[in-house]
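See below for the structure under consideration.
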Amino acid sequence: MPAFTIATWNVNSLKVRLPQVLDYMAKNTVDVLCLQETKMTDEVFPEQAFIDAGLHVSFTGQKTYNGVAIISKLPQHDIQRNLPNFEDPQQRLITATISGVRIICAYIVNGQALESEKFIYKMNWLAALQNYLSDELKNHEKLALLGDFNIAPEDRDVHNPEKWEGCNLVSPAERAAFNDMIALGLVDSFRLFEQPEKSFSWWDYRQMGFRRNAGLRIDHILLTETLAKKCTACVIDKEPRRHEQPSDHTPVLTTIDI
DNA sequence: ATGGCAAATATGATTTGA
């Protein structure tokens with residue numbers, strides 16, 4: 001059974017990070033890379049750069065904010081942009097089938113603060129995602145949801161849980177939404193394996209967050225039981241975060257025998 | 001208690017992110 005590695009990376013502007021993404025695909029055995037926060041319209045998306053590198057790509061974006069893309073070594077089928085059940089000007093989701101695996105790439109809403117309009121939007125968006133997942137699972141036994149969830153599922157996913165208690169990204173309502181996805185039968189692939197203490201996928205640019213390991217684990221790869229059974233590894237690759245001019249997020253990679 | 005960094009838009013200061 002060949003190894004199939006899928007990854008997620010919030011690049012915080014693909015314009016700035018394109019060389020790093022191309023370099024990453026060239027130097028790593030990644031079959032599928034889901035990107036978030038491309039921050040560009042489809043008209044200016046660097047599609048040709050990926051094609052020239054022998055890669056397949058699908059994307060949906062907008063000016064300044066949001067935007068998602070899927071990069072893959074093999075062709076993509078049945079590409080779907082946005083949540084079909086949720087009218088949304090913000091470009092936050094793209095789905096494709098690659099090597100028989102349904103890949104959902106999501107940039108879940110940040111939410112800003114619990115009392116804000118943006119938090120209401122976050123919870124509504126999560127409810128629509130839950131419905132969408134429920135539908136997709138009816139048709140796809142092999143499904144993976146990858147992305148920036150903007151949710152730290154447990155206190156051990158937070159560098160300083162006392163200080164963060166009840167805040168946006170860790171609140172009970174958000175964690176309940178995360179657990180609703182688990183209740184659909186999805187598995188957090190990171191927790192299938194022994195992991196180092198204080199493993200995070202995002203670090204604040206300020207106050208030397210990365211050097212102090214003051215981070216959060218908010219980027220996740222969830223798998224259906226069928227894929228989880230054949231999952232052999234999940235790692236956070238901190239190397240790109242050490243790069244000059246890094247994204248504030250670093251890639252998470254999950255390997256499955258398919 | 002506050003802002004601190006980075007990117008985009010715009011070309012100075014504001015918004016957003018998490």
Side-chain angles (χ1 to χ4, degrees), chain A residues 8-21 34-46 59-69 88-93 105-126 129 146-178 190 198-221 236 238 240-252:
Chain A
T8 181
W9 190 5
N10 179 325
V11 290
N12 184 20
S13 166
L14 185 57
K15 185 182 172 190
V16 174
R17 238 66 68 186
L18 178 63
Q20 293 183 42
V21 172
C34 294
L35 304 180
Q36 301 88 37
E37 286 205 86
T38 55
K39 296 189 175 179
M40 54 174 58
T41 59
D42 293 350
E43 289 70 39
V44 300
F45 190 95
F59 47 90
T60 183
Q62 65 186 88
K63 203 176 169 98
T64 313
Y65 303 116
N66 310 314
V68 285
D88 191 3
Q90 301 191 18
Q91 303 302 302
R92 294 182 172 277
L93 186 131
C105 168
Y107 175 46
I108 293 173
V109 179
N110 175 301
Q112 201 166 61
L114 264 63
E115 319 75 35
S116 67
E117 286 293 321
K118 285 174 183 167
F119 191 82
I120 294 165
Y121 168 58
K122 180 177 196 170
M123 297 314 295
N124 289 337
W125 205 93
L126 282 164
L129 176 63
L146 308 86
D148 177 356
F149 283 56
N150 272 312
I151 302 171
E154 299 179 71
D155 280 354
R156 60 177 164 163
D157 301 314
V158 181
H159 72 280
N160 190 350
E162 310 79 40
K163 204 167 180 178
W164 276 86
E165 194 183 351
C167 290
N168 188 44
L169 311 185
V170 310
S171 74
E174 293 159 86
R175 286 179 170 176
F178 184 87
F190 188 73
K198 300 199 175 292
S199 287
F200 306 124
S201 64
W202 169 89
W203 299 263
D204 203 309
Y205 283 124
R206 297 165 289 189
Q207 292 183 295
M208 295 188 289
F210 184 62
R211 267 214 283 188
R212 296 188 299 118
N213 197 30
L216 302 170
R217 191 176 72 94
I218 53 176
D219 300 272
H220 308 297
I221 300 179
I236 296 174
K238 287 164 83 169
R241 191 62 176 79
R242 298 189 194 103
H243 198 280
E244 219 175 292
Q245 203 175 11
S247 168
D248 43 357
H249 297 250
T250 211
V252 182

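A note on names: the letters A, B, ... follow the listed sequences, proteins ahead of strands, and every chain is numbered from 1.
In this structure, A:Lys118 reaches the sugar-phosphate backbone alone: every heavy-atom distance under 4.0 Å involves primed, P, OP1 or OP2 atoms, never a base. Within 4.0 Å (heavy atoms only), A:Asn66 reaches no atom of the nucleic acid at all. In this structure, A:Phe210 reaches neither bases nor backbone, as no heavy-atom distance under 4.0 Å exists between it and the strands shown.
One interatomic measurement links the two molecules: NZ of A:Lys122 to P of B:dG17, which rounds to 10 Å at whole-angstrom precision. The nearest whole Å value for the distance from the CG atom in A:Leu114 to the C1' atom in B:dA18 is 13 Å. A:Tyr65 has its OH atom 9 Å from the P atom of B:dT15, to the nearest Å. A:Glu117 has its CD atom 13 Å from the P atom of B:dT16, to the nearest Å. The nearest whole Å value for the distance from the CG atom in A:Asp248 to the P atom in B:dT16 is 17 Å. Per the geometry, CD1 belonging to A:Ile151 stands 16 Å off C1' belonging to B:dG17, to the nearest Å.
A:Lys39 is linked by a side chain to side chain contact (heavy atoms under 4.5 Å, CB included) to A:Asn12, A:Ser13, A:Glu37, counting only residues two or more places apart in sequence or in another chain. Every residue two or more places apart in sequence or in another chain that forms a side chain to side chain donor-acceptor pair (under 3.5 Å) with A:Thr60 is listed here: A:Gln91. Considering only residues two or more places apart in sequence or on other chains, A:Phe190 meets the ring-ring contact (aromatic ring centres under 6.0 Å, His included) condition with none of them. Annotation: salt bridge (Lys or Arg N to Asp or Glu O under 4.0 Å) contacts of A:Arg92 (sequence neighbours excluded): none.
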Scoring nucleotides 2-9 of chain B by protein non-hydrogen atoms under 4.0 Å (B base, S sugar-phosphate only, - none) yields -BBBSSSS

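Note: A:Phe45 and A:Phe59 have parallel aromatic rings, judged against thresholds of 30 and 60 degrees for the angle between ring planes.
Taken residue by residue, residues 155-169 of chain A places heavy atoms nearer than 4.0 Å to DNA chain B at A:Leu169.
Applying the 4.0 Å criterion to OP1 and OP2 of B:dG17, one finds that A:His249 has every side-chain N and O outside that range.
When atom types are taken as modelled, the side chain of A:Arg175 and the backbone of A:Val170 share a donor-acceptor pair closer than 3.5 angstrom.
A gap of 15 Å separates the C1' atoms of B:dT11 and B:dA7, to the nearest Å. Of the P atoms belonging to B:dG4 and B:dA13, the separation is 14 Å, rounded to the nearest Å. Spacing of P atoms, B:dT15 relative to B:dA1, comes out at 24 Å, to the nearest Å.
Within 6.0 Å of CD in A:Glu165 there are 12 or fewer heavy atoms belonging to other residues, nucleotides or ligands.
Using a 4.5 Å cut-off on side-chain heavy atoms (C-beta onward), A:Leu216 and A:Trp164 make contact.
Expressed to the nearest 0.5 Å, how far CZ of A:Phe200 lies from CG of A:Asn213 amounts to 5.0 Å.
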